[in-house]
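Position 1 is the first residue of the sequence, and the numbers go up from there. Atoms within a ligand are numbered from 1 in the order they appear, just like the ligands themselves.
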Amino acid sequence: MKVEPLLSDVPERLLTERLILRCARPGDGPALQASVDASLEGLRPWMPWAQAAQSPEESEAIVRRMAGQFALRQDLPFSMFERCAGDAEGLHVGGTGLHRIDWGVPRFEIGYWVRTGFEGQGLVTEAVRALSRLAFDRLRAARVEIRMDTNNAASRRVAERAGFTFEGILRRDTLTPDGQLRDTCIYSRVRGVEEPVS
Ligand SMILES: CC(C)(COP(=O)(O)OP(=O)(O)OC[C@H]1O[C@@H](n2cnc3c(N)ncnc32)[C@H](O)[C@@H]1OP(=O)(O)O)[C@@H](O)C(=O)NCCC(=O)NCCS
């Protein structure tokens with residue numbers, strides 16, 4: 001059955017054990033800017049958009065663009081916040097989302113980054129599990145994939161821990177942020193197949 005993306009019911013807020021995942025909205029710029037600023041060194045090798053500090057105007061424009069794309073179902077980015085008492089939002093601790101969407105399949109790619117100081121606690125794995133449930137249970141995904149630089153060991157572990165299967169390597173498929181040729185790993189989960197979790 002063909003899916004009309006604009007009619008697709010996508011929750012704007014997801015709760016996990018320790019996180020609130022929420023679509024961006026106007027006014028989120030300062031929280032994003034502070035989080036990226038605190039994380040630039042860790043993000044720079046992997047994320048082309050995180051090469052230099054953002055101005056307040058750039059950050060606000062980014063969150064407004066995210067909100068617009070979310071509303072149009074062109075992209076489904078979520079900001080990650082600490083989940084505090086009463087389900088209040090704490091610190092902005094990163095970004096994730098369902099990207100490069102093909103609603104016809106439907107197929108999604110999960111992306112992620114975490115704020116410096118919040119790595120190694122399983123937060124991103126928790127977010128990836130929640131987005132996988134959203135994709136398969138509510139958005140009827142046939143396939144969800146995660147791609148990363150072959151050298152990005154932490155990102156590969158996240159995919160493996162979240163139950164994604166390694167499918168292979170696309171050789172010299174893109175460039176690193178500093179312009180070197182890069183090999184890309186592809187991990188996936190597909191509907192109806194239980195993947196072994198490592
Ligand atoms: C990749 C990233 C999102 C992982 O976030 P995280 O919150 O630390 O992830 P988790 O805690 O859920 O899991 C991290 C796993 O990677 C492992 N890991 C962390 N750093 C590592 C490193 N440098 N080398 C190898 N493994 C590493 C951890 O030990 C853990 O695995 P384990 O449970 O087997 O011990 C984070 O490192 C990050 O933001 N990196 C910069 C942006 C980025 O690379 N995004 C992905 C682009 S594809």
Check your understanding: Once you round to the nearest 0.5 Å, how far does CG of L131 lie from CD of E126?
Key -> 11.5 Å
Review point. Atom CG in D75, atom CD1 in I101: separation rounded to 0.5 Å?
Key: 5.5 Å
Practice item. Assess the pair W103 and F108: is the distance between their ring centroids shorter than 6.0 Å? Key: yes
Protein N/O near ligand 1 N/O, under 3.5 Å, which pairs?
from     : atom 1 : to   : atom 2 : distance (Å)
ligand 1 : 8 (O)  : G120 : N      : 2.7
ligand 1 : 11 (O) : G120 : N      : 3.4
ligand 1 : 11 (O) : Q121 : N      : 3.3
ligand 1 : 11 (O) : G122 : N      : 2.7
ligand 1 : 12 (O) : T125 : N      : 3.1
ligand 1 : 12 (O) : T125 : OG1    : 2.6
ligand 1 : 33 (O) : R161 : NH1    : 2.3
ligand 1 : 34 (O) : R157 : NE     : 2.8
ligand 1 : 34 (O) : R157 : NH2    : 2.8
ligand 1 : 39 (O) : V114 : N      : 2.9
ligand 1 : 44 (O) : N152 : ND2    : 2.7
ligand 1 : 45 (N) : Y112 : O      : 2.8

Less than 3.5 Å apart, which donor and acceptor atoms pair up between the side chains of residues 64-74 and the rest of the protein, not counting sequence neighbours?
from : atom 1 : to  : atom 2 : distance (Å)
R64  : NE     : E60 : OE2    : 2.8
R64  : NH2    : E60 : OE2    : 3.2
R73  : NE     : S8  : O      : 3.1
R73  : NH1    : F70 : O      : 2.8
R73  : NH2    : S8  : O      : 3.1

Point to revise | Y187 side chain to E167 side chain, donor-acceptor N/O pair below 3.5 angstrom | key: no
Review point. Any side-chain donor-acceptor pair under 3.5 Å between S155 and R157?
Key: no
